[in-house]
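Worth knowing before you read on, the calculation uses all heavy atoms, side chains too, and leaves out hydrogens, waters and symmetry mates. Keep in mind it's a predicted model, so treat the numbers as computed, not measured. Every chain is numbered from 1 and lettered A, B, ... according to where its sequence line falls, protein lines coming before strand lines.
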2 protein chains.
Amino acid sequence: MAIVTVPVLSRSERNAMAMQAAGTERPATIHDIAAMCGVAASTVSRALSTPDRVNIRTRARIEAAAAQLNYTPNSQAKALSSGRTGAVGVLVPDITNPFYFDLIRGTQLQLKAAGYTQLLVDTEESDEVEASSMEQLRKSADGIIVTASRLSDEALLAAAAKTPIVTINRDVAGVPAVVIDTPSATSQALDHLISLGHTQIAYMAGPLTSQSSTLRWTALAAAAEERGVDVRRLGPFAPKTQSGAAAADAAVHSGVTACIAFNDLIAIGMLQRLRERGIRVPEDMSVVGCDDIFGADFCNPPLTTMASPIEQAGRVAVSMLLAQLNPLAGGGSRSRSLMPTHLTVRGSTGPAPAAS
Amino acid sequence: MAIVTVPVLSRSERNAMAMQAAGTERPATIHDIAAMCGVAASTVSRALSTPDRVNIRTRARIEAAAAQLNYTPNSQAKALSSGRTGAVGVLVPDITNPFYFDLIRGTQLQLKAAGYTQLLVDTEESDEVEASSMEQLRKSADGIIVTASRLSDEALLAAAAKTPIVTINRDVAGVPAVVIDTPSATSQALDHLISLGHTQIAYMAGPLTSQSSTLRWTALAAAAEERGVDVRRLGPFAPKTQSGAAAADAAVHSGVTACIAFNDLIAIGMLQRLRERGIRVPEDMSVVGCDDIFGADFCNPPLTTMASPIEQAGRVAVSMLLAQLNPLAGGGSRSRSLMPTHLTVRGSTGPAPAAS
DNA sequence: CAAATGATGACAACCGATTGCCAAATGTTG
DNA sequence: CAACATTTGGCAATCGGTTGTCATCATTTG
């Protein structure tokens, strides 16, 4: 029986063969550069990451070779040895919600500017998915931005101990957070409605698990008491336009003349339903939304809403996270950032109808 | 001078110390499992990835240990050695555009279902950013979904030779593609307008680099000739609501009674501008959009538009890409998928005004 | 009972980078 | 010119897995 000797191939030989076979030019590695320059791979690594550590002449040679081979470091390998992945996870409860479009845009822009990659994850409004995603991201991302978390305070705190985290619209002591100050805008909305003569007002609540909704209601109820007007809470309603129909019906049935919705989606859904039912906005019913999402300005009528600097919130969250990741840059990173909001009055609010 | 002997620590010892020091429980590795079960790390690897290759009893022990340690494989390391990252890049020209929201949702859902991670990248409508992103993703993703590419046919073809790619709304021979059949819907839109008595119609074109816009215009011009009506092309206009103002003015100035916009954003922008100028829709001017994005149903008036199965297109693109990645599953993967569209008539189109 | 067969699991190389440590080369000073 | 200080760059271990190869052990068969 003949013994077939299989020649042992060096890395570059194999690479060359692979290229020949597949026609697919394999990305260059530091070894390729090292071979080309006649130095060790470690020197190449240093030349590119710690330039001072390498003679300026060899560095120049290496840089030239790198450019010629069109070298780009393999991020996987980098991540494995250095421990940092250059990626940041962004968790949103529902990509469908336009609110998060602006947020995602903000994080995306800021992350890209800092050379990071964005890993977008839809947690489907589920705390379980959220928890498992975070666990997963712990290894594949350097940090996580969690929006409108559905997790318990304890769970969030525990997670924050393991991974750098910044939350958005979820305030837990000990976890850096960006909070959009809609509760204060809620009072403005109430004053706006009161100035229009409304005294019977409803708050169309969001999900029970939403801290934002709770905070808004608390602020609203306090302000209402203070001002001596009647504000009742209806719902909860899912933050989708479809829920707007139920919300509209509930509002009409309750006899109020104005309502403040948890968010613009519900408000826009209400507008549609009210129109269907022949109830005029704002003549018969005033509607205030929250967030000023895409569409709030061109719906019918245009929506009076509490404008949130959503995209900016995303950017700030990224900045806070990056400050946490690279403490060197100084500038003591604040652990909490409150984003101001303001009321944008459009066509969906008007004077209260004469008492019937 | 005393010689201090630094004890050499084993991996697990170091790990233990790190845990003690930081209080941060480091994720378990196959080595931890191996140590716990008294087997080699490679055996653990096989037990988890090639179960048949390992005795059922040891496998059970390993699985138990893995569960107890709450083991999750490190995706970076996996990617490094296996060559596959479990991630798919999704390139969109502009995250701002609501069209891509639906698309992103579709890809996200389908990718997650298949256990893949989505890497979202905004190419900012720039061919350079697009090219560099693709080069970057070549190593950090198993495949790429490119929407409305700004690259040349050659560049796309070259890229597709190096990485599995599926394009959306960009048809290049040799590159798998999902194409939304808006050109055919354009003819339907034309017929709809003709049936309403319009004879002077404008097409508000999108970016010159957009193949979709060109194809729609070609189909529209052909259909117009066939039917003997006058359709002129105006623009190009950027696909943003802000461009709608210019588009509206151009349409009015050209004297047409109806226009078909490249997409809903332009159409919605037009509606706003026309309203500002006191031009009634649809009494004075009919407007047709394209895509049926979020907001098209509740703008004022609701927009007649060519409805695209956007989310579905995203899902199909993912399926095609995954079929390309795992050819084993059989089912000869088609290289081109045409998504049907249809006209959704709402309030923005009406009978042509009596000749003035 | 010995030989052939197959199941099982350990060893070690490898993926592409980073980094501590050390030796060689270079430069400086007395 | 010797002694010492500094660069400079290579070696090798490491990150956490995967996978080819091979020795070993148990089982079946002649």
Side-chain angles (χ1 to χ4, degrees), chain A residues 3-6 8-15 18 26-35 37-62 66 69 71-86 138-140 142, chain B residues 4 6 8-15 18 26-35 37-62 66 69 71-86 138-140 142:
Chain A
I3 295 181
V4 179
T5 306
V6 178
V8 177
L9 300 179
S10 75
R11 181 193 309 247
S12 51
E13 284 170 334
R14 266 187 296 108
N15 188 10
R26 217 202 47 178
T29 72
I30 51 171
H31 295 95
D32 300 328
I33 300 179
C37 297
V39 298
S42 55
T43 304
V44 177
S45 174
R46 285 204 179 83
L48 299 174
S49 56
T50 327
D52 298 335
R53 191 69 180 60
V54 160
N55 186 302
I56 192 164
R57 301 202 43 183
T58 44
R59 194 212 306 179
R61 267 173 39 228
I62 288 173
L69 291 177
Y71 168 79
T72 345
N74 180 313
S75 54
Q76 317 293 335
K78 208 166 200 162
L80 188 55
S81 58
S82 68
R84 31 182 48 208
T85 63
R138 189 146 85 88
K139 282 184 302 241
S140 52
D142 294 340
Chain B
V4 179
V6 178
V8 176
L9 299 179
S10 74
R11 182 193 308 245
S12 53
E13 283 170 335
R14 267 186 296 108
N15 188 12
R26 216 201 48 176
T29 71
I30 52 171
H31 296 95
D32 299 329
I33 300 178
C37 298
V39 298
S42 55
T43 304
V44 177
S45 174
R46 286 209 173 79
L48 298 174
S49 55
T50 326
D52 297 336
R53 191 69 181 60
V54 162
N55 186 301
I56 191 164
R57 300 201 44 182
T58 45
R59 194 211 305 179
R61 266 172 41 227
I62 289 172
L69 291 178
Y71 168 80
T72 345
N74 180 314
S75 54
Q76 316 292 335
K78 208 166 199 162
L80 189 54
S81 57
S82 67
R84 31 180 49 207
T85 63
R138 189 147 86 88
K139 283 183 303 243
S140 52
D142 293 340

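- Proximity of residues 38-52 of chain A to DNA chain C (heavy atom under 4.0 angstrom from any strand atom) is restricted to A:Ser42, A:Ser45, A:Arg46.
- In plain terms, the two heavy atoms of B:Pro73 and B:Lys78 that are nearest each other are CG-NZ, 3.6 Å.
- A:Thr85 contributes no side-chain N or O that, together with a main-chain N or O of A:Ala79, makes up a donor-acceptor pair within less than 3.5 Å.
- Residues A:Leu48 and A:Tyr71 form a side-chain contact, since some pair of their non-hydrogen atoms from C-beta on lies under 4.5 Å apart.
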### Task
Dump the intermediate steps for side-chain contact (heavy atoms from CB on, under 4.5 Å) on B:Asn74 and B:Thr29, then the final yes or no.
CA-CA 8 Å; B:Asn74 180 314; B:Thr29 71; over 6 Å; no

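- In this structure, A:Gln76 and B:Ser140 approach most closely via the heavy-atom pair NE2-CA, 3.3 Å.
- Taking side-chain N and O atoms only, A:Thr58 has a distance below 4.0 Å to OP1 or OP2 of D:dG9.
- Panel note: side chain B:Ser81, backbone B:Ala77; a donor-acceptor pair is recorded below 3.5 Å.
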Please list each protein N or O that sits under 3.5 Å from an N or O in nucleotides 22-26 of chain C, with the distance.
none

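- Rounded to whole angstrom, the span from the CD1 atom of A:Ile30 across to the P atom of C:dC14 amounts to 15 Å.
- One can place CD1 of A:Ile62 at 12 Å from C1' of D:dG10, the figure rounded to the nearest angstrom.
- Shown for residues 73-86 of chain A: residues whose heavy atoms fall under 4.0 angstrom of DNA chain C, namely A:Pro73, A:Asn74, A:Ala77, A:Lys78, A:Leu80, A:Ser81.
- Checked by atom type and distance alone, the side chain of A:Arg46 never pairs as donor or acceptor with a backbone atom of A:Val54 at under 3.5 Å.
- For A:Arg57 and D:dT7, the CZ to C1' distance is 15 Å, given to the nearest whole Å.
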